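Down below is the structure, laid out as structure tokens.
In this text the structure is predicted, and so the values were computed from the model without any measurement.
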Amino acid sequence: MDEPQKAEWVKFGQRVKRLRKRQGLSLAALAAAAGWSATYLGKIENAKRSPNPDVVEDLDRVLRTNGALLRDWGDVLRAGTTPEWYEQSRAYEKRANELRFFHPLVVPGFFQTRDYARVIITQSVPAASEEHVLNVIRTRQSWRTDLKTGDGLLLNVILTELALTQPIASEIMGEQLDRLIHEAQESPVTIQVLPLGVPDLAWLSGAFRLIYIEDEQALLCTEHARGEYLTADPSSVRSLEARFSKLQAWALPPDASVEKLKEMRQAL
């Protein structure tokens, strides 16, 4: 059954059709090259179906848009019911060889335990239904699965001590700290703790992540109240790269960060 149309779907479908025709491809030829059925791609072009991240990634590759089509897909997501803002960049992260992440207030979603995630969700969205809460928890769990550090992805994360001292039940925070300690001891994962009292206020910039894909322009994702902003603008990327470097300089070294996490765990 076809899904109800949304204006963003129409815009995205028209863009796919223009790109296909500009390259002299029939719908059947595009389908063969991308590995999806012509019927499905036709419904995307005619705004009768919302594309999933995998088909957008394949279309971006076949139509040689160098990531532009993936960024356009963000408008489609914002019109949908996907519970997590991270879905906009999921296709990029699946191809990344390095990801740098900073959040000043909470543990990153891909490292969150189930109970910790529930606390964060219910406190930030008090009226959230149980269905919504469970959907977000599942989404955050699948996010970590997508970050295939065993396949060569380097994951560099800076946490603030502030995020680790929020008023959360000790049994929940203890489990969360255990998870972070385990992750920090994995070779492709580097976790650094930014201690309280650092005089440099670069951490006030808010949450962001930098995505690096081999032979492609680096991407910057910055979080805001209703989602995220994704850009490949070189000046924006350089600005947050510099900020991440400052945060790394003030953060504890990886080995000292692990010891800090263990001390905090023991103190609960």
Side-chain angles (χ1 to χ4, degrees), residues 81-87 90 93 99-147 149 155-186 188-198 201-209 221-228 247-248 250-268:
T81 57
T82 303
E84 274 300 280
W85 47 262
Y86 96 89
E87 286 285 2
R90 178 182 177 187
E93 291 176 349
L99 178 65
R100 301 175 189 174
F101 191 103
F102 171 71
H103 201 301
L105 300 176
V106 298
V107 173
F110 49 78
F111 281 163
Q112 291 179 6
T113 63
R114 186 180 184 89
D115 289 340
Y116 179 91
R118 176 177 287 279
V119 170
I120 298 301
I121 299 161
T122 55
Q123 292 292 324
S124 59
V125 189
S129 67
E130 179 64 13
E131 180 182 6
H132 175 81
V133 171
L134 290 174
N135 202 5
V136 173
I137 289 172
R138 284 192 294 267
T139 302
R140 292 184 180 181
Q141 289 176 331
S142 69
W143 190 1
R144 181 63 182 96
T145 303
D146 282 346
L147 300 178
T149 48
L155 191 58
N156 297 305
V157 180
I158 299 177
L159 304 170
T160 65
E161 186 176 352
L162 175 64
L164 302 174
T165 54
Q166 297 292 353
I168 295 175
S170 59
E171 62 271 18
I172 295 176
M173 202 64 215
E175 182 185 25
Q176 181 60 73
L177 286 167
D178 286 340
R179 169 73 182 277
L180 290 172
I181 293 166
H182 172 75
E183 290 281 1
Q185 293 171 335
E186 294 293 313
V189 179
T190 299
I191 295 179
Q192 292 180 259
V193 176
L194 185 69
L196 294 171
V198 169
L201 299 181
W203 65 274
L204 290 175
S205 60
F208 67 89
R209 64 193 189 278
C221 295
T222 54
E223 289 187 36
H224 54 81
R226 298 187 62 188
E228 72 174 15
L247 291 165
Q248 278 187 311
W250 285 106
L252 299 173
D255 56 347
S257 293
V258 173
E259 290 307 310
K260 180 67 173 178
L261 292 172
K262 290 180 178 179
E263 289 173 10
M264 296 180 76
R265 176 67 177 95
Q266 189 173 5
L268 290 176

Close side-chain approach of [X] to [Y], heavy-atom, < 4.5 Å:
X: N156; Y: L99; result: no
X: I181; Y: I191; result: no
X: N135; Y: R138; result: yes
X: E161; Y: K260; result: yes
X: L180; Y: L159; result: yes
X: V136; Y: R118; result: no

Using atom types as modelled and distance alone, determine if a side-chain donor or acceptor of [X] lies under 3.5 Å from a backbone N or O of [Y].
X: Q141; Y: Q112; result: no
X: S257; Y: V193; result: yes
X: R144; Y: L147; result: yes

Margin query: Under 6.0 Å between ring centres: does that hold for F208 and F101?
Written below: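 No, the ring of F208 stays outside the 6.0 Å limit from the ring of F101, centre to centre.
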
Next item on the list: Please lay out, stage by stage, how L177 and L268 fare under the test side chain to side chain contact (heavy atoms under 4.5 Å, CB included).
Entry: CA-CA 10 Å; L177 286 167; L268 290 176; 3.8 Å; yes

Measure the [atom1]-[atom2] distance between [X] and [Y] for me, rounded to the nearest 0.5 Å.
X: Y116; Y: I172; atom1: OH; atom2: CD1; value: 10.5 Å
X: E171; Y: D115; atom1: CD; atom2: CG; value: 8.5 Å
X: L247; Y: L194; atom1: CG; atom2: CG; value: 6.0 Å
X: I120; Y: I168; atom1: CD1; atom2: CD1; value: 4.5 Å
X: Q176; Y: L261; atom1: CD; atom2: CG; value: 10.0 Å
X: M264; Y: L164; atom1: CE; atom2: CG; value: 4.5 Å

Measure across [X] and [Y] and return the closest heavy-atom pair with its distance rounded to 0.1 Å.
X: G174; Y: R265; answer: O-NE, 3.1 Å
X: L105; Y: T160; answer: N-OG1, 4.4 Å
X: P195; Y: A251; answer: CD-CA, 4.2 Å
X: F110; Y: R179; answer: O-NH2, 3.1 Å
X: L201; Y: V198; answer: CD2-O, 4.5 Å
X: P104; Y: G206; answer: CD-C, 3.8 Å

Check: Are more than 12 heavy atoms from other residues, nucleotides or ligands located less than 6.0 Å from atom CD of E130?
Finding: yes

Note to self: Does Q192 form a side chain to side chain contact (heavy atoms under 4.5 Å, CB included) with V157? I'd like the steps, not just the answer.
What the structure shows: CA-CA 6 Å; Q192 292 180 259; V157 180; over 6 Å; no

Notebook entry, point to check: Please walk me through it: do I121 and I137 pass side chain to side chain contact (heavy atoms under 4.5 Å, CB included)?
Noted result: CA-CA 9 Å; I121 299 161; I137 289 172; 3.8 Å; yes

Next item on the list: Evaluate the criterion side chain to side chain contact (heavy atoms under 4.5 Å, CB included) for residue pair Q166 and V106; output intermediate values, then yes/no.
Entry: CA-CA 8 Å; Q166 297 292 353; V106 298; 5.9 Å; no

Next item on the list: Look at E175 together with R114 and state whether they make a salt bridge at an N to O cut-off of under 4.0 Å.
Entry: no

